[in-house]
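As a basis for the values below, the full set of heavy atoms in this structure was taken, side chains included, without hydrogen atoms, waters or symmetry mates.
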Amino acid sequence: FWGASAFAFLPVYWSCHLLSERPHVIYKGVVRYLLLFAIPFALTASVPVQIIADGFPRDVIVQTLLVSGCFYVGVLLFWKWAIRLYSSAS
């Protein structure tokens, strides 16, 4: 509905994916916040490794549930908005 192809997003995705290959604790400030919460690449890659290595702290459980819940609600709202704008190709 916004573009003809999703391939335009691939360079952005791979750039973010490369950032998630490093432990999230090496990043400071805004970059760390973005990787953990805004664009949760580190949440899917680095945090599970930290849990295996250091144990399972309670704050990680709370953060994971909050971020996952927020993204679920955000995607659901976006989906409903996008469906209203959808027009069939045929």
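- When hydrophobic residues (I, L, V, M, F, W, Y) are linked wherever their side-chain heavy atoms come within less than 4.5 Å, Val75 remains an isolated member.
- Atoms CD1 and CZ, from Ile83 and Phe78 in turn, are 10.0 Å apart once rounded to the nearest 0.5 Å.
- Residues satisfying the side-chain contact (heavy atoms from CB on, under 4.5 Å) criterion with Leu10, sequence neighbours excluded, are Phe7, Trp14.
- Using a 4.5 Å cut-off between side-chain heavy atoms of Ile, Leu, Val, Met, Phe, Trp and Tyr, with links allowed through other members, Val31 and Ile26 fall into the same hydrophobic cluster.
- For Trp79, there are no ring pair (Phe, Tyr, Trp, His ring centres under 6.0 Å) partners at least two apart in sequence or on another chain.
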